[in-house]
Amino acid sequence: MPSAVRSSRGVPRGSSALRFGRFAAMGAVAVLILIAGVWASWGTAQHVMLTKGRERGTVEVVRCAEDACEGPFRPLSPGSQPRARVVLDDTVAVERGGTYTVVLKPGGAEAVRSGPAGVLYAWVPLGGALLLASVVVAGGLLRTRLAWVMALVGAGLLTAAFVAL
């Protein structure tokens with residue numbers, strides 16, 4: 001007759017390998033989600049946060065389509081050249097007739113918003129990744145305090161970006 005030896009918590013002793021496997025798998029998923037969030041954010045954030053040597057200025061939006069707005073570029077940084085037309089790819093909180101501070105991406109006429117609103121908007125994918133990873137951390141790793149911290153930071157980032165834009 002097999003006897004089931006149980007630990008003080010009521011979990012069979014032979015399940016430590018299963019617990020480690022679950023911990024490793026869920027930890028890998030959470031880390032992968034966070035890396036994807038940083039990767040998605042960094043494409044824009046690098047231009048907004050590391051502005052040394054980049055062309056900075058303002059754009060007065062004169063025309064908007066479904067996915068982009070454009071207008072003339074007036075330089076603010078030394079060595080920048082005025083341009084008749086630059087494109088803001090994302091039209092979130094960009095209105096026709098408005099003037100926005102921007103940073104030009106190297107080698108083209110593509111601009112990204114700068115300042116606090118631009119920084120927060122650039123990190124929005126990381127905020128979403130933090131929210132998603134918090135569910136994995138709470139459910140898969142059973143680390144509820146860490147999950148709450150991640151969720152609050154992600155929600156705070158998304159809310160700050162919404163308010164700033």
Side-chain angles (χ1 to χ4, degrees), residues 25-141 143-165:
M26 291 296 116
V29 168
V31 168
L32 189 64
I33 290 169
L34 292 174
I35 288 172
V38 170
W39 186 273
S41 296
W42 187 246
T44 302
Q46 66 179 326
H47 302 294
V48 177
M49 295 175 70
L50 306 174
T51 59
K52 186 175 181 179
R54 299 192 195 274
E55 294 185 72
R56 296 182 307 266
T58 61
V59 172
E60 183 181 345
V61 176
V62 295
R63 189 176 353 190
C64 284
E66 287 184 24
D67 59 344
C69 290
E70 60 185 50
F73 174 75
R74 291 189 181 85
L76 294 176
S77 61
S80 297
Q81 300 295 325
R83 292 185 167 86
R85 178 183 169 271
V86 295
V87 177
L88 283 165
D89 274 341
D90 298 318
T91 59
V92 175
V94 176
E95 296 176 356
R96 187 171 175 244
T99 302
Y100 303 97
T101 58
V102 296
V103 175
L104 295 182
K105 289 185 177 181
E110 190 176 337
V112 292
R113 292 210 32 197
S114 63
V119 171
L120 289 170
Y121 182 66
W123 289 105
V124 163
L126 178 61
L130 281 166
L131 283 174
L132 182 59
S134 71
V135 175
V136 174
V137 168
L141 297 177
R143 303 286 190 254
T144 54
R145 287 183 188 151
L146 178 61
W148 273 109
V149 169
M150 291 171 64
L152 290 173
V153 169
L157 179 59
L158 293 175
T159 302
F162 178 78
V163 169
L165 290 174

Practice item. Without swapping roles, check the side chain of Y121 against the backbone of A164 for a donor-acceptor pair under 3.5 Å. Key: no

Check your understanding: side-chain contact (heavy atoms from CB on, under 4.5 Å) between I33 and V29: does it pass, once the steps are laid out?
Key -> CA-CA 6 Å; I33 290 169; V29 168; 3.9 Å; yes

Check your understanding: CD of Q46 to NZ of K105: how many Å apart, nearest 0.5 Å?
Key -> 8.0 Å

Point to revise | Taking every non-hydrogen atom, the tightest pair across V124 and S41 | key: N-OG, 4.5 Å

Exercise for review: Check step by step if side-chain contact (heavy atoms from CB on, under 4.5 Å) holds for V48 and R113.
Suggested key: CA-CA 7 Å; V48 177; R113 292 210 32 197; over 6 Å; no

Revision key, fill the gap. One should read off an interatomic distance between W42 CH2 and L50 CG, to the nearest 0.5 angstrom, of 4.5 Å

Check your understanding: Taking all non-hydrogen atoms of both residues, which atom of G71 and which atom of V62 are closest, and how far apart?
Key -> CA-CG2, 3.8 Å

Exercise for review: Applying side chain to side chain donor-acceptor pair (under 3.5 Å), name anything that partners S134, two or more places apart in sequence or on another chain.
Suggested key: none

Exercise for review: Flag the pair P75 / Q81 as yes when at least one side-chain heavy-atom distance between them is below 4.5 Å, and no otherwise.
Suggested key: no

**Study point:** R143 side chain vs A138 backbone, donor-acceptor pair below 3.5 Å
**Key:** no

Practice item. Could you tell me which residues satisfy side chain to side chain donor-acceptor pair (under 3.5 Å) with S80, sequence neighbours excluded, listed by chain and number? Key: S77

Study note, to complete from the structure: Contacts of R56 meeting side chain to side chain donor-acceptor pair (under 3.5 Å) (sequence neighbours excluded), chain-then-number -> none

Exercise for review: Test L141 against V136 for side-chain contact (heavy atoms from CB on, under 4.5 Å), laying out the working first.
Suggested key: CA-CA 7 Å; L141 297 177; V136 174; 5.6 Å; no

Check your understanding: Residues in side-chain contact (heavy atoms from CB on, under 4.5 Å) with A122, at least two apart?
Key -> T44, A45

**Study point:** Residues forming a side-chain contact (heavy atoms from CB on, under 4.5 Å) with V153, sequence neighbours excluded
**Key:** L130, V149

Check your understanding: Who passes side-chain contact (heavy atoms from CB on, under 4.5 Å) against L152, sequence neighbours left out?
Key -> none

Revision key, fill the gap. One should read off an interatomic distance between F73 CZ and L104 CG, to the nearest 0.5 angstrom, of 4.0 Å

Check your understanding: Excluding sequence neighbours, so at least two apart, what forms side chain to side chain donor-acceptor pair (under 3.5 Å) with T144?
Key -> none

Review point. For A40, what residues pass the side-chain contact (heavy atoms from CB on, under 4.5 Å) criterion, not counting sequence neighbours?
Key: P125

**Study point:** Interatomic spacing from CG in L131 to CG in L126 - rounded to 0.5 Å
**Key:** 10.0 Å

Review point. Going by heavy atoms in the side chains, are C64 and E95 under 4.5 Å from each other?
Key: no

Practice item. Identify the heavy atoms of A111 and L88 that sit nearest to each other, and give their distance. Key: O-CD2, 3.6 Å

Exercise for review: Can you run down the salt bridge (Lys or Arg N to Asp or Glu O under 4.0 Å) pairs that involve residues 69-87, sequence neighbours left out, and say none if there aren't any?
Suggested key: E55-R83, E60-R74, R63-E70, E70-R85

Review point. For A30 and V137, which heavy atoms make the closest approach, and how far apart are they?
Key: CB-CG2, 4.0 Å

Review point. At their closest point, which heavy atom of M150 faces which heavy atom of A133, and how far apart are they?
Key: CE-CB, 3.5 Å

